Amino acid sequence: MLVEPAQKVSASQADQGFDLIGDVHGCGDLLECLLERMGYRRQDGVYTHDSRRAIFLGDLIDRGPHVQKALDIVRRMVDAGTALVVMGNHEAHALKQCLREGGRDFTLPRVGGRSERVMHETLKQFERAPGLWASYLEWFLEMPLCLEFEHFRVAHACWDEALLRPFLAERPDGRIDRRFLLAASEAGSPEHRVLDRTTRGTQLRLPNGQMIRSLDGARRGLFRTHFWARSPQTYGDVVFQPDPLPPEFEDRPLRDDERRRLVHYDSSQRPLFVGHYWCEGIPSLATPNIACLDYSAVRGGRLVAYRFDGESVLDAGQFCWVDA
Ligand SMILES: [Mn+2]
């Protein structure tokens with residue numbers, strides 16, 4: 001797999017543009033349409049562009065009808081060096097559920113909560129190819145948690161410098177391993193903090209056991225928060241998800257302990273690309289240096305890319321997408 005140590009690109013590679021692609025979630029057909037729209041052509045079974053490379057922001061699997069196809073496209077590209085990929089929370093979840101300690105024991109998890117049901121639907125698509133699923137699990141474990149280039153950064157959900165700097169000092173290629181994964185299954189461990197923060201971002205719990213009914217029918221006591229408000233005062237200043245907060249909570253002041261748990265990615269930092277947040281509508285920039293590329297393709301939204309040419313101020317004209 002082509003991930004350079006410390007994710008540094010050589011001079012020749014730095015001349016290329018990068019096409020950053022949001023959560024695919026098993027929408028293999030849609031992914032083909034997007035790649036073709038951006039000028040990628042299939043050569044010897046691999047989507048290739050003359051002068052650009054793709055970077056997938058994670059969450060290739062789950063929810064969609066063509067998980068195998070999506071994985072096949074992306075793994076071929078990564079193996080051939082025409083794409084890079086970072087791990088999403090869904091790949092991390094699959095690893096935790098299926099990849100047991102000590103090696104090659106791949107097992108179906110029990111059907112439990114909502115995320116297990118989602119994963120079971122994915123595993124059904126591999127019912128006749130358990131060896132193939134096992135090989136993809138091994139591949140998920142090779143995915144770096146983040147990528148850092150001279151002119152931009154990539155993570156599935158959040159770049160928390162305070163956590164990622166020491167992590168990258170220890171693991172310059174951004175990858176984890178079985179030992180790390182096992183340690184990360186213990187809530188509150190340093191490994192858990194890095195994996196959870198990077199693939200799932202920050203969330204806050206609504207007070208008094210209040211629940212949000214989200215668009216997929218689930219009830220949640222947590223809401224997803226973003227990381228670019230300079231001095232957020234209220235829940236409404238940091239909420240980042242399609243499900244609105246109950247109106248009485250929009251103006252609720254953040255407590256000090258809640259504010260301390262939030263992450264801030266400063267506007268002076270190099271551009272950052274994330275997926276994860278189920279955005280809707282016409283793609284737009286979160287800030288001039290942050291773009292979220294998850295536009296809910298698997299829920300009938302759009303599969304979105306940003307065509308990055310090294311600019312330090314992002315440009316909404318660089319979005320490219322296909323409608324689901
Ligand atoms: Mn996702």
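Order of listing sets the numbers, starting from 1, for every ligand and every atom in it. Computed from a prediction, not measured in an experiment: that's the story for all the values here.
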Looking only at N, O or S atoms, find the one in [X] nearest to the Mn ion (ligand 1) and name it.
X   : answer
H25 : NE2
D23 : OD2
D59 : OD2

Inspect the contact between E148 and R165 and indicate whether a charged nitrogen and a carboxylate oxygen are less than 4.0 angstrom apart.
yes
Is the Mn ion (ligand 1) under 2.8 Å from any N, O or S atom of D294?
no
I'd like to know if W139 and W133 are part of one continuous hydrophobic network [Ile/Leu/Val/Met/Phe/Trp/Tyr, side-chain heavy atoms within less than 4.5 Å].
yes
F18/F149 aromatic ring centres below 6.0 Å
yes
Identify the residue among Y235, F223, W278, W228 that makes a ring pair (Phe, Tyr, Trp, His ring centres under 6.0 Å) with F240.
W228
